[in-house]
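Each remark here refers to the structure printed beneath this line.
Predicted, not measured: the structure shown is a model, and the values here were computed from it. Every number for a ligand or one of its atoms is a count from 1 in the order of the listing.
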Amino acid sequence: MILSYREALLVKVLFICLGNICRSPTAEGVFAHKVARADLSGHISTDSCGTARYHIGKPPDTRACQAAARRGIDITGLRARQLCQDDFTRFDYLIAMDGDNVMDIKAVCPPGLHDRVSRFLDFAPKLATDDVPDPYYGGPHGFETVLDLSEKAAAGLLARICQEHGLDD
Ligand code: 4NP
């Protein structure tokens, strides 16, 4: 059986922060939720990781899980891992949460693949900030901010991917 371009299409998206227990799993959960609601889970896959190795194997921070659950999004099954070289060829979009993440990712990015790396909030250009603030050392409000920013940027990212890959018709 010969599959059409659209039937065979699988776009791979990787969300990246420092520890992979607060922002990037939240962003992944929010984005995957939107992908599922658009009935595109067969065409867009998601993952997340951290530039650091502090929390490898751990589930997302309890505060991130609770905040996401209040919006109907379950991220408890995710497990932290560190960014690796294969990620640059396996993923079409590498989405960093802040400018430090972009620098750390580009420092280990193979030549010719830098255009796969972007900042999450570039997909929500009307916001007052470029970075998703790290909520790890703060209170619960920070996790709500991560979710609010993720909702906006995830919508923009999904629209961009659909447009670039002909998934919007
Ligand atoms: P994340 O937050 O990068 O959004 O997962 C952090 C989690 C842990 C640490 C720093 C940031 N830490 O230093 O352990």
| Nearest-neighbour protein heavy atom for atom 13 (O) of ligand 1, which is reported as residue plus atom name and distance | Tyr137 OH, 3.2 Å
| field | Asp122 with Arg160: basic N within carboxylate O range, under 4.0 Å | value | no
| query | Distance from Asp47 atom CG to Ile16 atom CD1, nearest 0.5 Å? | reply | 9.5 Å
| request: Pick, from Asp61, Asp134, Thr51, Asp100, the option with the minimum heavy-atom distance to atom 2 (O) of ligand 1. | output: Asp134
| request: Around atom 1 (P) of ligand 1, find the nearest protein heavy atom and jot down its residue, atom name and distance. | output: Cys17 SG, 3.5 Å
| field | Leu121 CG to Leu149 CG distance, which is reported to the nearest 0.5 Å | value | 5.5 Å
| said: Tell me the protein heavy atom at minimum distance from atom 9 (C) of ligand 1, and give that distance in Å. | reply: Tyr136 CD2, 3.5 Å
| Does Leu18, backbone or side chain, put an N or O under 3.5 Å from an N or O of ligand 1? | yes
| query | Among the clusters formed by ILVMFWY side chains lying less than 4.5 Å apart, do Val146 and Phe31 turn up in the same one? | reply | yes
| said: In this structure, would Val132 and Leu158 fall into the same cluster of hydrophobic residues linked by side-chain contacts under 4.5 Å? | reply: yes
| remark: Note: ligand 1 atoms sitting under 4.0 Å from heavy atoms of Gly19 are 1 (P), 3 (O), 5 (O)
| Charged N to carboxylate O under 4.0 angstrom, Arg71 versus Asp148? | yes
| query | What do you reckon, does Met97 put a non-hydrogen atom under 4.0 Å from ligand 1? | reply | no
| Minimum-distance protein heavy atom relative to atom 8 (C) of ligand 1 | His55 NE2, 3.3 Å
| task | Enumerate the atoms of ligand 1 whose separation from the nearest heavy atom of Cys22 is less than 4.0 angstrom. | result | 1 (P), 2 (O), 4 (O), 5 (O)
| Minimum-distance pair of heavy atoms, taken over all atoms of Pro135 and Phe143 | O-CE1, 3.6 Å
